[in-house]
Protein chains: 2
Amino acid sequence: MDDEVALDAEPDPTPGTVDLAALSQMTGYALRRAQMWLFRDLKARFKAHDISLAQFSVLYVVDINPGLAQARVAEALAIERARLVLMLDRLEERGLLVRSRSKADRRSHALHLTPAGRDLLSTLLDLQAEHEKRITTLLGRDGRADIIRLLAPFQD
Amino acid sequence: MDDEVALDAEPDPTPGTVDLAALSQMTGYALRRAQMWLFRDLKARFKAHDISLAQFSVLYVVDINPGLAQARVAEALAIERARLVLMLDRLEERGLLVRSRSKADRRSHALHLTPAGRDLLSTLLDLQAEHEKRITTLLGRDGRADIIRLLAPFQD
DNA sequence: TATTGTTATACTCTATAACTATA
DNA sequence: TATAGTTATAGAGTATAACAATA
């Protein structure tokens with residue numbers, strides 16, 4: 001629009017590198033960047049199986065807690081239960097998981113993995129182990145354990 | 001793994017608590033939950049000012065690097081440049097930031113905070129400091145420093 | 001009345017692709 | 001040709017609200 005340079009003079013239009021200054025020292029920002037790194041790595045490993053990290057966590061928790069109701073999965077993983085409905089539709093369409101009416105409480109659906117779901121989960125857990133190994137290589141065994149321990153107060 | 005396919009028979013419909021087992025020991029999951037905790041805390045502090053964490057990081061980086069081009073901001077903060085356009089529209093509408101044509105390269109826009117933008121950023125930085133203090137209270141000064149140090153290899 | 005699963009809406013964010021104006 | 005800003009679209013994800021069936 002207007003070519004006029006507002007405010008004050010332009011001392012340094014575009015430096016070679018961007019100064020992030022204190023931003024890198026803010027815990028939340030460091031956490032976000034680290035999470036982006038880890039998620040990118042693990043997502044790439046899961047890509048051939050067309051499984052998101054959220055889907056992986058659902059398959060895992062249902063496998064460990066067979067017969068679990070949707071609302072329990074949602075609250076355990078901090079996924080909105082309305083969102084979970086769509087996720088389960090997808091997993092059920094793919095034949096990885098089944099919903100069945102609970103006899104104890106006819107409002108709720110009991111969730112179970114199918115044999116195909118268990119097979120896929122087993123593969124995903126192998127890929128997750130390789131991913132974790134890469135993290136351990138970068139941090140050392142103690143460093144990785146330290147992170148888990150330090151983040152414990154924030155696990156809700 | 002032995003599994004009598006328990007699709008019809010219901011061995012344990014809904015236990016009292018959901019077992020997350022190894023999920024809590026996966027680095028990425030621990031990171032995600034911790035980030036949710038921190039973001040929830042900081043977002044609540046920013047809520048009265050109607051500023052998202054992404055907007056905060058843009059205001060901060062432009063303040064430190066006046067005259068920065070959009071593409072530089074986008075790559076420094078790992079925000080898609082298409083997404084940044086909408087974010088800057090919003091910040092400009094609110095009078096917190098201005099785009100002006102760069103004379104060096106007429107394709108790019110030089111970004112500057114307005115006085116109102118600098119005022120707001122100053123307030124946000126105070127809130128961020130209180131947030132960081134809460135983290136330090138929970139982790140100890142060393143614990144907080146340890147996290148930043150341990151996550152350094154993943155800051156891209 | 002409260003909860004479970006569901007549908008719906010709005011907004012944010014990620015990931016692309018394509019277009020324009022400059023370089 | 002390549003880059004900067006922009007527009008557009010599709011798909012996740014977040015945040016709510018409301019509704020029917022059931023408790």
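All chains are named by letter (A, B, ...) in the order of the sequence lines, taking the proteins before the strands, and each is independently numbered beginning at 1. Keep in mind it's a predicted model, so treat the numbers as computed, not measured.
- Taking a heavy-atom distance under 4.0 Å as the criterion, the stretch of DNA chain D touched by chain A extends 5' to 3' from D:dA12 to D:dA23.
- Between the C1' atom of C:dC11 and the CE atom of B:Met87 lies a distance of 14 Å, rounded to the nearest Å.
- Between the side chain of B:Gln25 and the main chain of B:Ala21, no donor-acceptor pair closer than 3.5 Å is present.
- Looking at A:Ile64, A:Leu124, A:Leu111 one by one, the single match for side-chain contact (heavy atoms from CB on, under 4.5 Å) with A:Leu59 turns out to be A:Leu124.
- If A:Lys43 and A:His109 are placed on DNA chain C by their nearest nucleotide, the residue sitting closer to the 5' end is A:His109.
- Using a 4.0 Å heavy-atom criterion, one finds that A:Arg106 contacts the sugar-phosphate atoms exclusively.
- At a threshold of 4.0 Å, the pair A:Asp156-B:Arg40 counts as salt-bridged, since one of the basic side-chain nitrogens sits closer than that to a carboxylate oxygen.
- The side chain of B:Arg107 has C:dA21 as its nearest neighbour among C:dT14, C:dT3, C:dA21.
- Following rounding to the nearest Å, B:Phe39 (CZ) and C:dT12 (P) show an atom-to-atom distance of 16 Å.
- Going from atom CZ of A:Arg81 over to atom P of C:dA8 covers 16 Å, rounded to whole Å.
- Here C:dC13 presents its C1' atom at 15 Å from CG of B:Leu77, a figure rounded to the nearest Å.
- When each of B:Lys47 and B:Ala82 is assigned the nucleotide of DNA chain D with its nearest heavy atom, B:Ala82 is the one assigned upstream, toward the 5' end.
- Partners of B:Arg32 under the side chain to side chain donor-acceptor pair (under 3.5 Å) rule, at least two apart in sequence or in another chain, do not exist in this structure.
- Under the salt bridge (charged side-chain N to carboxylate O under 4.0 Å, His left out) criterion, B:Glu80 pairs with no residue, sequence neighbours left out.
- If you check every strand for non-hydrogen atoms under 4.0 Å, A:Arg90 touches sugar and phosphate atoms only.
- Proximity of A:Gln70 to the phosphate of C:dT3: no side-chain N or O atom is located under 4.0 Å from OP1 or OP2.
- Looking only at side-chain heavy atoms (C-beta outward), A:Leu96 and A:Ile51 come within less than 4.5 Å of each other.
- Rounded to an integer number of Å, the gap from B:Phe46 CZ to C:dT12 P is 17 Å.
- Across all strands shown, A:Arg99 has heavy atoms under 4.0 Å from sugar-phosphate atoms exclusively, and none from any base.
- When the C1' atom of C:dT6 is taken as reference, atom CD1 of A:Ile79 falls 16 Å away, rounded to whole Å.
- In this structure, B:Arg45 does not pair ionically with B:Asp126, as no charged nitrogen and carboxylate oxygen lie closer than 4.0 Å.
- Residue B:Glu80 is classed as a base contact, given a heavy-atom separation below 4.0 Å to a base.
- In this structure, the side chain of B:Glu132 engages the main chain of A:Thr27 through a donor-acceptor pair within 3.5 Å.
- Place A:Asp105 and B:Ala71 on DNA chain D by their nearest nucleotides, and B:Ala71 ends up nearer the 5' end.
- Put simply, CG on A:Asp89 is 9 Å from C1' on C:dT6, counting in whole angstrom units.
- A close approach under 4.0 Å does occur between a side-chain nitrogen or oxygen of B:Arg83 and OP1 or OP2 of C:dC13.
- The interatomic distance linking A:Leu68 (CG) with C:dG5 (C1') rounds to 14 Å, in whole Å.
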